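Values reported hereafter were calculated over all heavy atoms of this structure, with side chains retained and with hydrogens, waters and symmetry mates removed. No experiment lies behind these values; they were computed from the predicted model shown.
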Amino acid sequence: MSADRIALKGLRARGRHGVLAAERELGQEFVVDATLFLDTSPAAAGDDLTKTVHYGELAQALAAVVEGEPVELIETLAQRLADVCLASDLVHKVEVSVHKPAAPIPLPFDDVVVTIERSRV
């Protein structure tokens with residue numbers, strides 16, 4: 001397997017995810033980092049976009065998930081985002097982090113992050 005990676009970091013989208021009713025009603029910004037593991041050499045050899053992952057289209061697909069159907073846990077959201085990344089047969093592994101910087105925590109904090117790694121079976 002190739003060690004090549006395509007990383008999309010800091011993708012921001014508004015979603016209504018969370019356990020609390022206020023989170024579902026008001027929504028908040030989520031930040032997504034996705035690193036896709038794939039072999040980029042075929043794309044590079046032919047300068048061919050069809051042999052790699054189009055990161056612009058990936059960004060739109062990930063944002064649509066964040067903006068879509070609400071879930072209670074960001075762990076669930078991370079899994080849905082990983083599934084989108086693995087939809088491309090070119091991707092053999094993905095690491096996804098979901099940041100929830102406005103989580104309802106009554107203490108000073110910088111961020112809450114859930115990171116998962118999934119591989120094609």
Would you name the heavy atoms of T52 and A43 that are closest together and state the gap between them? CB-CB, 3.7 Å
Interatomic distance, K100 atom NZ to L77 atom CG [nearest 0.5 angstrom]: 9.5 Å
Hey, any chance F109 and L20 share a hydrophobic cluster, counting ILVMFWY side chains that come within less than 4.5 Å of each other, even indirectly? no
Please answer: with hydrophobic residues joined when any side-chain heavy atoms are less than 4.5 Å apart, are L49 and V91 in the same cluster? no
According to a 4.5 Å side-chain heavy-atom criterion applied to Ile, Leu, Val, Met, Phe, Trp and Tyr, with indirect links allowed, do V114 and L73 form part of one hydrophobic cluster? no
E23 side chain to V19 backbone, donor-acceptor under 3.5 Å: yes
Do you know the tightest heavy-atom contact between A78 and V96? O-CG1, 4.1 Å
Does L86 offer a backbone N or O that forms a donor-acceptor pair with the side chain of R120 under 3.5 Å? yes
Within this structure, what is the CZ-SG distance for the pair R80 and C85, rounded to the nearest 0.5 Å? 14.5 Å
Closest approach of V113 and S97, non-hydrogen atoms and distance? CG1-CB, 3.9 Å
Same cluster or not: are V65 and V31 linked, directly or through other Ile, Leu, Val, Met, Phe, Trp or Tyr residues, by side-chain heavy atoms under 4.5 angstrom apart? no
Can you tell me how far the CZ atom of R16 sits from the CD atom of E69, to the nearest 0.5 Å? 14.0 Å
Would L58 and L36 count as a side chain to side chain contact (heavy atoms under 4.5 Å, CB included) if you check the C-alpha gap in whole Å, the side-chain angles of each, and the deciding distance to 0.1 Å? CA-CA 10 Å; L58 175 66; L36 286 60; 3.8 Å; yes
Quick one: does T115's side chain get under 4.5 Å of E95's, heavy atoms only? yes
Distance, nearest 0.5 Å, that separates CG of L62 from CD of E67: 11.0 Å
L38 and L90 have their tightest heavy-atom pair at CB-O, 3.2 Å
Any side-chain heavy atom of V66 sitting closer than 4.5 Å to one from L81? yes
For H99, give me all partners under ring-ring contact (aromatic ring centres under 6.0 Å, His included), at least two apart in sequence or on another chain. none
Expected list for residues 7-14: side-chain donor-acceptor pairs under 3.5 angstrom, two or more places apart:
unit_1 : atom_1 : unit_2 : atom_2 : d
R12    : NH1    : G10    : O      : 2.9
R14    : NH2    : L26    : O      : 3.0
R14    : NH2    : G27    : O      : 3.1

Shortest non-hydrogen contact from R118 to A82? CG-CB, 4.0 Å
Going by the angle between their ring planes, with limits at 30° and 60°, are H17 and F30 parallel, tilted or perpendicular? perpendicular
Which atom pair, heavy atoms only, marks the closest approach of P42 to K51? O-CD, 3.9 Å
More than 12 heavy atoms of other groups within 6.0 Å of D47 CG: no
About how many Å separate CD1 of I6 and NE2 of H54, when rounded to the nearest 0.5 Å? 11.0 Å
Qualifying residues under side chain to side chain contact (heavy atoms under 4.5 Å, CB included), relative to A44, sequence neighbours excluded: none
